[in-house]
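Quick notes on the structure that follows.
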Amino acid sequence: MHICVCVKRVPLTGGKITLTDDQRALSTKHLGFTVSPHEECGVEEAVQIVEREGGSVTVLTLGPAEAEEQLRDMMAIGADRAIHLVSGAEEWDPQATAAAVVAAIGAEEQQPDLILFGNESADAGNYQVAIRVAHALGMPSVTGVKKITFESGRAVCEQEVAGGRDIYELALPAVVSVKEGINLPRYPSVPGRLRAKRKPLEASNPRRPAAQLEMVKLVLPPDSGKQMQVLGTGAEAAPAVVAVLSELGVL
Amino acid sequence: MSVLVLVEDPADELAQQALTFARSVDGDVAAISISGDYAPAAWGQTLADQVAARAPQAVIAAGSERGNEVLAHAAAILDLPLSANTIAFAAGSPPTVTRVRWGGSLLEQALLHGSTLLMTVAPHAVAADGVAVELEVVSPSQHALAVAPTKRVGAASGGVSLEDADVVVSGGRGVGSADGFAIIEELAELLGGAVGCSRAVTSAGWRPHTDQVGQTGTKVAPDIYIACGISGATQHMAGCKGAKKLLAINEDGEASIFAHADYGVIGNLHEVVPAIAAEIRKARAA
Amino acid sequence: MALAAALGASGTLFARRVTRLRALVQSAKPTERSGDVPVRVRNEVTIVLGQRKLLQRFVPGLMHAFIFWGFLVLAPTILIAMIAIVDRHQTLPWLGHQGWYALLVDIFCVLVLVGVVSALYMRKVVRPKRFEGSHLGEADLILALIATVVISLLLWHASRIALGYNEWPASWSPVSHLLSHLFGHGSGTRVLERVFVWIHVATILSFLAYLPYSKHLHIGAAAINVWFGRTAARGRLEPLRFEPEEGESEEDLRFGAGTAADLTWKQVLDTFSCTECGRCQDVCPANQTGKLLSPKLVIMGLRDQLFSGDREAALVPTAVPAESIWDCVTCGACIEACPVSIEHVDHIVDLRRHLVMVESSFPSEAEPMLRDIERSSNPWGHPQGQRADWAAELDVRVLEPGDAPPEYLYWVGCASSFDERARRTAEATAKLLQAAGVEFAILGPRESCTGDPARRMGNEYVFQALAEQNVATLNEAGVTKIIANCPHCFNTLANEYPDFGGSYEVVHHTELLAKLVSEGRLQPARDEKLMVTYHDSCYLARHNDVLEAPRELVGAVGTALPMTRSGKQTFCCGAGGAHMWMEERANPINVERVREAAETGADTLAVACPFCTVMLDDGVQSTGDQLRVVDVATLLVEALEHPAAPSAD
């Protein structure tokens, strides 16, 4: 089975977000980066599927030059090769992103049987790239998947819903977006990291089309105006806490 | 009719909020519901056909999992931009939307260049105005790629579900171990609530992912969220900002969570949490 | 003839085994243990000849010293006996005739017997816990053989005196002389004299053959092992290479110890030197608090695996259970206690390296720390941008790229930057340096974790990436002198960064502060009613010999009430070996240490390490003792700011 997983490089923001002076990006000085959480689980899922069924895993990203770090990290946990669509400093909106992904996959010699995405990226959270790619490639899709198995050439996917899970069966090739919790991504081994340095990585520089959802600026949400009431320090605060709970009616 | 709103259940809080938002875009709102079982691509096609037939200015849905999914299908079919999790709309050519990023810790202002404006509304960003609405039922269109779920499996456990709980007692790195959660569980049980945890806890293997509250976990909206030993990273806050009240218990007086809390206790959760439990028992016995 | 045959048999068995042992050492992986010859010689003299480590426990040490020195003194008697077997009237030229030598022989025979008897008493009657897991039967046999050798020698001498064969003046050997009255002058004694010498030589030859098959092999290996022990930078772990060299492939790279074939020759020698005495086990804080780990059993397990010949089996779990490996806090108490210079921590870290880097197998609760240290440059995953927040109100210079280098770079460390309790130490240190007019700066967000937790966890790869990054930052900034308040940072910066191109003059903050106090640049007021017990940090006291400076500071602010386990015998707080991020089974180490501190009657528990601060304060909170846990820097700042009374907390 040949699986393609799309990932995105996102910063690790910690407790506070600060913006650049032009307010068009996060200030990432001194921030670490990672693959967006849902997507890391997607790569782990692909690697596990291929370990069971045979095949190969390609990891793909549309991102700046530094995103190579994330591609190598994903190859260290088992992806076999990487495709790096090098974007410039500007953001790509969901339609542009999907078009770039579709073009890259279209150019592939071996077409994937399964394309995995994260349900939404940690930063922009647009919830739509996977579905756009699916329609463009003429593939069925399902989102929010927490479990994938295969039966007679179909992907059986469990989507989390309120009160349980819906089971979808998709004919392959298909597009599935997964959610964190589908698995626990493995910790990369050093032999894996060293091999990853040598695994094939194809880079290209797609041209960014004009944005249809055109970001103008980023804004920090207004302060909630909350004034925290300190109920006390240590165990002595317990009575004050209980008084609050009683007031809220949860006691 | 200028704005089409996709509604599944008109009584649903999020649907009400979406309708209220829709009214702020244009007073002429038509609420439609699609009959039959859920099939995302088919529902997306249905909306696309409605757009072709009725040429609305905008199509809106709640920013629930389903709302985002269906509108994404519609957007893909129509090849139009979609603003997901929108919180504000300003008319113009093109109009400006304000939408949510980073699970709510950041906002984006963007120009929405679409011949029809597709938007989903961020949950709890808009207060429902309670105006009643007439629901138009529409039959679903077909789509070649449509897949409907074949069956549903129910939630496994008993106990209070995290999404629905009125009280959530949540533990972070400060809890220190899987066994350490015993005091968290105790307090949750006393208050008839659910146990939550941060991403560091799931990563450490102390609790299953189903307990994780956060941007990539469960989003909760209890009456009170009690955060024990949680630092307050944005990805966690994205999961609990729906809480009406937040009580933070942390040893570090400078922890970011205190900036988001209504109430705070500065202290070691291993002392504070059992003390609260004891105090609750005392109060009930009295 | 018979002697030749006996010698031949014994010699062959001995040689065959020694050849195998040598092959095991020679086929092992390389490691650097050369240089520093004067120190090595000194170690041989003090540790081997002088039995210094053994005498750390005086009575058992003396017991062993008697037997050991006895064997040195009695060595020539082996030759004398063998010569006498060939010709009963021949002996070693000159020495065989010396009365003083015969006296020494007599005295040491008695001392050896005293040693043997006390050893038997300890093993059979007292039965200390440290022998749990040791091969006691083997030890009994060895004691029996030693006793036989010595008794047969005395009786032989006695019988020779009775027969008048003695080449030395009989009055010089009082014990043998006394025993000689047991024997007559006749043919019976003549026979006995032959019997005794044959028993003596046969026992020695059997012992010789048995020696390399038993733990008694230590008498050969130990002296060699002591020579090759670390002479400097004892806290330094040996780096691994991640790039193959000329003629090497990636598969040849060694990522720690996965199988017996991965052990270095020093590690192999360590296992040969182990006498199963169990002193390491006794001082191990994990072992003392009910955990599975016994450093002794780790070494014995590795030794047994080596001897089994199986070089493919995974050392963990075949030779050593995984749980033991993760119990270790790398405090080095085992190394300090070991009389034969075994370096247990090296073994344990090498085993961890393989588990973490090759098998990705480690306690899951440590995974967030490993990911955060790599992605966020600190083990708590806090944004680096906030690293200098503690200094916001203190007017501390943050060194920016391109700035002129400061006289001192104050390396704050992750704990003191982010942990609310440890932060007070950084604040105190900054205030003290400012008060004394010391010119310094901090790196702020450009200071990444030194990598110590990753390295002690076994993730050498992540550690090296951090080391290289920090060295680049420090070198570009032109830093020459560093003050560190965390002993782990201190150890890594001083002892380990030189391997990565970073050579700086590194002092612990207590060392600099003590110097400033002695120079009068800081003048604290002493409150003799302040009862302070000082807890030595393992990484300061044991790994780095920083003992006096913190004590001077304590003495300058209050009255010292030392704990029993202090200085190099200090008992760990429990955070080392990345345990700050791992769960602990059984009884907590920190609580055990707090108990000991409370017993001194002190009201203040002074520390010099941010990990100790957190661990011991946690311990105090759980025991409820009335002990204030505080860094010596904070005590010093309080003694400057409030000369009359220290602030209540």
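The chains referred to below are lettered A, B, ... by the order of the sequence lines, with proteins before strands, and numbering in each begins at 1.
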In terms of heavy-atom pairs under 4.5 Å with chain A, which of [options] leads?
| options | answer |
| --- | --- |
| Asp262(B), Thr150(B), Val147(B), Asn68(B) | Asp262(B) |
| Asp166(B), Asp79(B), Val100(B) | Asp79(B) |
| Leu80(B), Leu191(B), Thr120(B), Asp223(B) | Leu80(B) |

Please state whether the side chain, the backbone, both or neither of [X] comes within less than 4.5 Å of a heavy atom of chain A.
| X | result |
| --- | --- |
| Asn85(B) | side chain |
| Glu69(B) | both |
| Lys151(B) | both |
| Val153(B) | both |
| Asp164(B) | neither |
| Ile224(B) | side chain |
| Thr216(B) | both |
| His236(B) | neither |
| Val273(B) | neither |
| Ala283(B) | side chain |

Identify which part of [X] has an atom lying under 4.5 Å from any heavy atom of chain B, answering side chain, backbone, both or neither.
| X | value |
| --- | --- |
| Val133(A) | neither |
| Val242(A) | side chain |
| Ala134(A) | backbone |
| Ala136(A) | neither |
| Ala130(A) | neither |
| Val241(A) | side chain |
| Ile182(A) | neither |
| Glu120(A) | side chain |

If every non-hydrogen atom of [X] is compared with every non-hydrogen atom of [Y], which pair is closest and at what distance?
| X | Y | result |
| --- | --- | --- |
| Leu118(B) | Pro81(B) | CB-O, 3.6 Å |
| Val176(A) | Leu170(A) | CG2-CD1, 3.9 Å |
| Ala235(A) | Pro239(A) | O-CD, 4.4 Å |

In a check of side chain to side chain donor-acceptor pair (under 3.5 Å) between Asn183(A) and each of Glu45(A), Lys147(A), Glu40(A), which one passes?
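For Asn183(A), the side chain to side chain donor-acceptor pair (under 3.5 Å) check succeeds only for Glu45(A).
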
With a 4.5 Å cut-off on heavy-atom pairs, point out which of [options] contacts chain B the most.
| options | answer |
| --- | --- |
| Thr233(A), Leu248(A), Leu218(A) | Leu218(A) |
| Ala124(A), Ala210(A), Gly144(A) | Ala124(A) |
| Ile17(A), Val216(A), Ile167(A) | Ile167(A) |
| Thr13(A), Asp123(A), Asp93(A) | Asp123(A) |
| Asn119(A), Val250(A), Asp166(A), Leu184(A) | Asp166(A) |
| Glu160(A), Arg132(A), Gln159(A) | Arg132(A) |

Side-chain donor/acceptor of Ser64(B) to backbone N/O of Gly67(B), under 3.5 Å
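Answer holds: yes.
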
Gln215(B) (side chain) donor-acceptor with Ala122(A) (main chain) under 3.5 angstrom
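Looks like yes, one N/O pair under 3.5 Å.
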
Tell me, yes or no, whether the heavy-atom count around [X] atom [atom1], taken from other residues, nucleotides or ligands under 6.0 Å, exceeds 12.
| X | atom1 | result |
| --- | --- | --- |
| Asp21(A) | CG | no |
| Asp12(B) | CG | yes |
| Arg207(A) | CZ | no |
| Lys226(A) | NZ | yes |
| Lys16(A) | NZ | no |

About how many Å separate CG of Asn126(A) and CD of Gln95(A), when rounded to the nearest 0.5 Å?
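One gets 10.5 Å once the value is rounded to the nearest 0.5 Å.
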
Within this structure, what is the CG-CD distance for the pair Leu12(A) and Gln235(B), rounded to the nearest 0.5 Å?
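Leu12(A) atom CG to Gln235(B) atom CD measures 9.5 Å (nearest 0.5 Å).
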
Pairwise side-chain contact, [X] with [Y], heavy-atom cut-off 4.5 Å (strictly under):
| X | Y | result |
| --- | --- | --- |
| Leu82(B) | Leu213(A) | no |
| Ile115(A) | Val101(A) | no |
| His143(B) | Ile77(B) | yes |
| Gln70(A) | Thr61(A) | no |
| Val5(A) | Met74(A) | no |

Output yes when [X] and [Y] qualify as a salt bridge under the 4.0 Å nitrogen-oxygen rule, no when they do not.
| X | Y | answer |
| --- | --- | --- |
| Lys282(B) | Glu279(B) | yes |
| Lys179(A) | Glu65(B) | yes |
| Arg101(B) | Glu91(A) | yes |
| Arg99(B) | Glu108(B) | yes |

Decide whether Gln45(B) and His73(B) meet the rule of one side-chain donor and one side-chain acceptor closer than 3.5 Å.
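No pair is found: no donor N or O on one side chain lies under 3.5 Å from an acceptor on the other.
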
With chain A as the partner chain, list the residues of residues 246-254 of chain B whose heavy atoms fall under 4.5 Å from it, by residue number, and write 'none' if nothing qualifies.
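Expected list: Leu247(B).
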
Applying a criterion of heavy atom separation less than 4.5 Å, what residues of residues 201-214 of chain B form contacts with chain A?
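Expected list: Thr202(B), His209(B), Gln212(B).
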
